[in-house]
There are 4 protein chains.
Amino acid sequence: MRADAKRNRDRILTAAIEAFATEGLSVPVHEIARRAGVGTGTVSRHFPTKESLYDAIILHRLEQLVDRARSLAEAEEPSTAFFEFFKYMADAGATDHGLADALGGGGYDVAASAERTGYDVMGGMRDLLTAAQRAGAVRDDVDVVDVKALMTGCLARERGATDAAARSRMIEIVCTGLRAHR
Amino acid sequence: MRADAKRNRDRILTAAIEAFATEGLSVPVHEIARRAGVGTGTVSRHFPTKESLYDAIILHRLEQLVDRARSLAEAEEPSTAFFEFFKYMADAGATDHGLADALGGGGYDVAASAERTGYDVMGGMRDLLTAAQRAGAVRDDVDVVDVKALMTGCLARERGATDAAARSRMIEIVCTGLRAHR
Amino acid sequence: MRADAKRNRDRILTAAIEAFATEGLSVPVHEIARRAGVGTGTVSRHFPTKESLYDAIILHRLEQLVDRARSLAEAEEPSTAFFEFFKYMADAGATDHGLADALGGGGYDVAASAERTGYDVMGGMRDLLTAAQRAGAVRDDVDVVDVKALMTGCLARERGATDAAARSRMIEIVCTGLRAHR
Amino acid sequence: MRADAKRNRDRILTAAIEAFATEGLSVPVHEIARRAGVGTGTVSRHFPTKESLYDAIILHRLEQLVDRARSLAEAEEPSTAFFEFFKYMADAGATDHGLADALGGGGYDVAASAERTGYDVMGGMRDLLTAAQRAGAVRDDVDVVDVKALMTGCLARERGATDAAARSRMIEIVCTGLRAHR
DNA sequence: TATGAATGAGGGTTCATTCAT
DNA sequence: CATGAATGAACCCTCATTCAT
């Protein structure tokens, strides 16, 4: 890829991350192009559809998340791994509203994206969850959809602002609720 | 207001409640008019903007919620009142996608609406929360924004489907997390 | 249908017939709206897609053609009926370039249109052709696709101008060629 | 012209001939460049506009046709020359959608092209026609525009497919019609 | 008052042409 | 000279709102 193309691609991604975070998924492609200082056609060249642009944006994040899930699964005990991942994910979403939208289901289908992009965050979460349940650390009746919804709640807490203390509190509340009662 | 105007207004509201619940906030006004069996102009006459229609719709719900908050506050112990209200609200949102959008922040601002409509659901929730905290039933560090976000999580769980068991589970998890530890 | 809607619909059709004839099928909907003196949304209201507008335009003509084919089949001898219909169709196309495009295949599929609209001009032509062949008036090896292509040739003769003498000549040439040799 | 420039020019022409023949005049320049294995800018360098590329493409064909017309005029009797040329042209157009578009008037003006390129196919055809008419082999009232339109009809027959039998039949029909009645 | 037709800005996407690399 | 990224006008279509009927 040529240097100028790479530069524009990066500018578009930067602009799109910010625009999606600020305005939500409904931000016009035109607006993203404007923020990036490029023509609309340039956006389309790099990302043929709006959805593909969105894919690309969260791809970065999803990759990080999947990697984190994997390394936690290898390095930590099941219980620690699961709760650490939950926290990691909540922290990631708190500083990236585009990701929060994706994880929170705001007009975006992470599952479908997983097939397209190959980064199956929810699959990673499911593995960690199952292991934690086998280890007796998490309620047996919980499924990954529950966890995703609880994550949505945590991410919803800060929408628009950043409040690390509130985030910790939310995570604590949710994780306490998730833990198996003796 | 003339009798026929009143009747049309009610039909529009009924249609809109169902339409918003079914299709979400993005349902076209045209579709609401169609379901109500009136012209689009009639919708606009009664509700100058789509947002004002949405206001009116959740007004019903918000009114119910505020009433419920009040009666629980009067009839029950603080702890019971708060957790019952949380459950009541989650149940209400689960069967009303429009309300869920409103409570979950999907393109709608409940706080602003509270000022416009006079029904301050979050205020009611805040009173119940504070009372429950004074009674030692809920963590002291939690605020009403946390509760709203946790509600968002519960509502997100069923988005599109209806799964009463999952809803109970979610409520249980969240409420367990909210409870003060000894 | 309301009077103003009917009027606009007619103006759109008139403008579209002329626009398609002048500019071809590629004329923008916007241009048709401009010529009709209406907004683009009005065109879309009456004709949801550009194709549906085109359908509607030739619908008039196709209906006339199908009727003509039927009445000739009933009233005339097979030979006369076929050749008269060919002439009728060529005359119709000569004064309606939109129809000429449709019959000549310029980016429009009459067969598909026949299914949508129910006016199967080529079916009518086929019946007349077959009857004329049975009567020994037309070469046995000719099929309706040949006839359609020959029609395209006749219509191509006047594209843009109107020259009745040339049209007669073309029809004569083609029909002479179609006749069975002794 | 440098050798590599010449080579690219030829590759573009080859690709364009095939692309226009396959997809018609609406094929994107980008696609032609792709088939030629060059950049779009290279296409534009050699052929500043898409139309100029199209000119160049049919130039090949027109040259062949003009040559053929000339050699037939010299080698054959007027009647044979004319009808042979008609057949030759129909055969050429049948296997070259781009040429068919040009000869059939599909968004391309052969007459204007004749002035630009210097290859006056219709002039050649006119000479053959006139000679054949003088020899009493073709109807006196026919002009070259008629012949072109009849050619359009023949070419329309096979649009998209290839059916040599149908082509022969069409040519036979048309030429029969063109012949002078005693 | 009710209607629904009219509006036209705005949406995403395509593509001939230009120009920096 | 070759490249292909950048451009932005133009395409068709949707829909909240307005207004003539």
Between CG of C:Leu25 and CZ of C:Phe20, what distance do you get to the nearest 0.5 Å? 5.5 Å

Residue pair B:Gly39/C:Arg9 against DNA chain E: nearer the 5' end by closest nucleotide is B:Gly39

Just how far is it from atom CG of A:Leu53 to atom OG of A:Ser44, taken to the nearest 0.5 Å? 9.5 Å

If pairs are Watson-Crick or G-U with both distances under 3.5 Å, what is the dot-bracket string of DNA chain F, marking crossing pairs with [ ] and pairs to another strand with |? .||||||||||||||||||||

With side chains defined as the heavy atoms from C-beta onward, is the minimum distance between A:Ile32 and A:Arg34 less than 4.5 Å? no

In this structure, NZ of A:Lys50 is separated from CG of A:Asp55 (nearest 0.5 Å) by 13.0 Å

Please report the distance, rounded to the nearest Å, between CD in A:Glu23 and P in E:dG10. 14 Å

Does E:dT1 have OP1 or OP2 sitting under 4.0 Å from an N or O in the side chain of B:Asn8? no

What distance separates D:Thr42 OG1 from D:Arg9 CZ, expressed to the nearest 0.5 Å? 13.5 Å

Once each nucleotide of nucleotides 16-21 of chain F is scored for protein heavy atoms under 4.0 Å, what B/S/- sequence comes out, 5' to 3'? SSB--S

Whole-Å distance, A:Ile12 CD1 to F:dA6 P, equals 7 Å

State the CD1-CD1 distance between A:Ile12 and A:Ile17, to the nearest 0.5 angstrom. 12.0 Å

Rounded to the nearest 0.5 Å, what separation is found between the CZ atom of D:Arg35 and the NE2 atom of D:His30? 11.5 Å

Atom-pair distance (CZ on A:Arg34; P on E:dG11), nearest Å: 12 Å

State which residue, out of D:Asp10, D:Asp4, D:Asn8, fulfils the side-chain hydrogen bond (donor to acceptor under 3.5 Å, both in side chains) condition with D:Lys6. D:Asp10

Of the listed E:dT7, F:dC1, F:dA6, the closest approach to the D:Ala5 side chain comes from F:dC1

D:Glu31 CD to E:dT14 P, in whole Å, measures 14 Å

For C:Ile32 and F:dA10, give me the distance from atom CD1 to atom C1', rounded to whole Å. 15 Å

Which comes earlier along DNA chain E counting from the 5' end, the contact point of C:Val43 or that of B:Val38, where each point is its nearest nucleotide? B:Val38

Starting at atom NZ of A:Lys6, determine the distance to atom P of F:dG4, rounded to an integer number of angstrom. 18 Å

State, with a plain yes or no, whether a side-chain heavy atom of D:Leu13 is found less than 4.5 Å away from one of D:Phe47. yes

